[in-house]
Amino acid sequence: MAKQPGKDNFTRNLVIAVVVGVLLIMLVPTLLSRQTDSSASIPANVSADRGYGVVFNGELTGVPVVDIYEDFQCPVCAQFTQLNGPYIESLIAEKKATVVYHTLSFLGPESVNAANAAACSADEGKFLEFHRLLMMNQKQRIQVLGITLSLQALDRQLESPARNLVAASTRVNMLVGSAMLQQPVQRQM
Amino acid sequence: MKKIQSWLGLTARLILGGTLIVAGYLKFDELDKSQMAVRAYEMLPISLANFLGIVVPFFELAVGILLVIGAAVRISGALSALLMIGFMIAISQAWARGLSIDCGCFGGGGQVPEGEANYLTPLLRDTGLALLGIYLTLFPHTKFGLDKSPAPATQLGESNNG
């Protein structure tokens with residue numbers, strides 16, 4: 001076959017360069033904008049006075065203070081919640097004690113994600129529901145947003161500026177409020 | 001024979017490229033979900049999975065567009081075949097490990113209720129697409145493409161550099 005007119009390498013290379021170039025130009029800012037911002041914002045009901053725990057009934061005086069140190073992946077913590085969780089929640093509801101949940105992360109990166117998600121849910125006023133959900137179902141494979149027992153997307157958004165925090169909180173709201181999580185399976189955001 | 005082959009190549013290009021563009025576009029719309037879908041395979045470290053969740057849709061779009069307009073067919077064909085093989089590995093390992101996830105091939109993804117996961121369809125689809133990609137790698141000279149038609153003596157090596 002002879003060389004065909006109009007099919008020069010220049011046109012072809014130009015087309016390839018344009019397609020690849022345009023997509024790269026779109027990709028790079030997308031990637032950069034999704035870099036994790038290391039300056040994490042703190043949930044509203046958390047303070048240094050209480051050791052950065054999530055505080056319930058912090059305004060009460062003259063009542064016992066219960067400090068709970070736990071990791072969302074720790075089996076004994078789950079046992080503790082199964083045995084005493086309802087009692088502790090009743091103490092909170094009846095305003096009989098100040099309860100401080102310290103969500104630690106000594107069991108790996110998933111614990112960090114879970115703790116961050118819990119912080120998100122605290123901002124949304126859903127900490128207890130979220131906490132109960134994770135602790136009661138610890139032995140099952142719960143995937144939330146694609147991570148077993150962790151919430152990377154929420155984690156990332158929690159660490160981003162405040163506008164993302166709003167979106168993250170909305171999502172936690174949907175997560176905790178959704179019937180899918182009761183199953184407990186997270187199917188979609 | 002050559003003539004049939006070039007029409008076959010065009011068909012392969014349009015099917016493979018079209019599928020990639022649709023898949024890429026649907027994911028491109030919801031990158032959060034795309035990242036979630038990759039994480040759900042539980043195959044890669046979370047940071048790498050998130051990275052891929054963003055890159056793969058763009059990659060699919062680029063390769064798909066190149067295939068449809070018929071530029072750099074051999075390279076795009078090979079890349080899409082590799083991508084499909086990667087998908088097949090990911091889906092197979094999810095199936096073998098008993099994960100209950102949606103493949104997230106065309107957006108969506110993440111965990112689904114037990115028994116609702118469907119692995120056979122995406123596997124068969126990806127196998128077919130991978131074969132198309134391999135075909136295009138072997139016979140990249142197709143109808144209505146931007147790539148130069150080969151001079152007879154340099155058919156495989158030189159015509160598609162670039």
Side-chain angles (χ1 to χ4, degrees), chain A residues 1-4 6-36 108-110 112-113 140-148 150-157 164 167-168 171 180-181 183-189, chain B residues 2 24 28 30-42 45-47 49-51 53-55 57-66 69-73 75-76 98-102 104 108-114 116 141 145-152 155 159-162:
Chain A
M1 232 182 283
K3 249 188 169 181
Q4 294 170 9
K7 290 202 168 187
D8 56 317
N9 262 337
F10 178 74
T11 314
R12 166 183 173 271
N13 291 345
L14 187 68
V15 167
I16 295 173
V18 167
V19 170
V20 174
V22 165
L23 283 168
L24 269 184
I25 287 171
M26 290 163 77
L27 172 63
V28 170
T30 314
L31 274 178
L32 288 182
S33 73
R34 281 167 186 265
Q35 290 287 320
T36 308
E110 292 84 0
V112 177
N113 293 327
Q140 299 182 35
R141 296 177 48 85
I142 314 175
Q143 259 199 9
V144 186
L145 298 180
I147 300 183
T148 304
S150 53
L151 285 164
Q152 178 69 18
L154 292 171
D155 159 29
R156 178 170 51 68
Q157 298 208 338
N164 286 335
R171 264 187 221 159
M180 289 302 291
L181 262 184
Q183 289 192 5
V185 172
Q186 169 57 24
R187 188 173 194 176
Q188 55 214 344
M189 294 201 200
Chain B
K2 267 267 182 289
F28 175 79
E30 293 177 308
L31 287 173
D32 278 333
K33 276 196 184 178
S34 168
Q35 290 181 307
M36 172 184 75
V38 182
R39 289 195 302 267
Y41 283 93
E42 297 183 17
I46 287 168
S47 52
N50 281 341
F51 177 74
I54 296 175
V55 170
F58 285 88
F59 184 77
E60 286 177 333
L61 274 178
V63 173
I65 291 171
L66 287 181
I69 60 181
V73 171
I75 297 171
S76 333
L99 301 186
S100 185
I101 58 172
D102 183 271
Q111 191 166 3
V112 297
E114 290 288 329
E116 272 191 29
H141 305 295
L146 271 183
D147 286 343
K148 230 194 294 181
S149 297
Q155 185 173 348
S159 58
N160 213 17
N161 289 345

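Computed from a predicted structure; not experimentally measured. Per chain, numbering begins at 1; letters A, B, ... match sequence-line order.
Per-residue heavy-atom pair counts under 4.5 Å with chain A were compared for B:Gly104, B:Ala49, B:Ala62, and the maximum is reached by B:Ala62. Among the candidates B:Leu66, B:Ile69, B:Ile65, the residue making the largest number of heavy-atom pairs closer than 4.5 Å to chain A is B:Leu66.
Exactly one residue among A:Val20, A:Val18, A:Val19 makes a side chain to side chain contact (heavy atoms under 4.5 Å, CB included) with A:Val22. That residue is A:Val18.
We find the CD1-CZ distance between B:Ile54 and B:Phe51 to be 8.0 Å, quoted to the nearest 0.5 Å. Note that CZ of B:Phe58 is 11.5 Å distant from CD1 of A:Ile25, once rounded to the nearest 0.5 Å.
B:Ser34 places a side-chain N or O within 3.5 Å of a backbone atom of B:Gly53 that can act as its donor or acceptor partner.
Contacts of B:Leu61 with chain A are made by both backbone and side-chain atoms, with heavy-atom separations under 4.5 Å. For B:Phe59, no part lies under 4.5 angstrom from a heavy atom of chain A.
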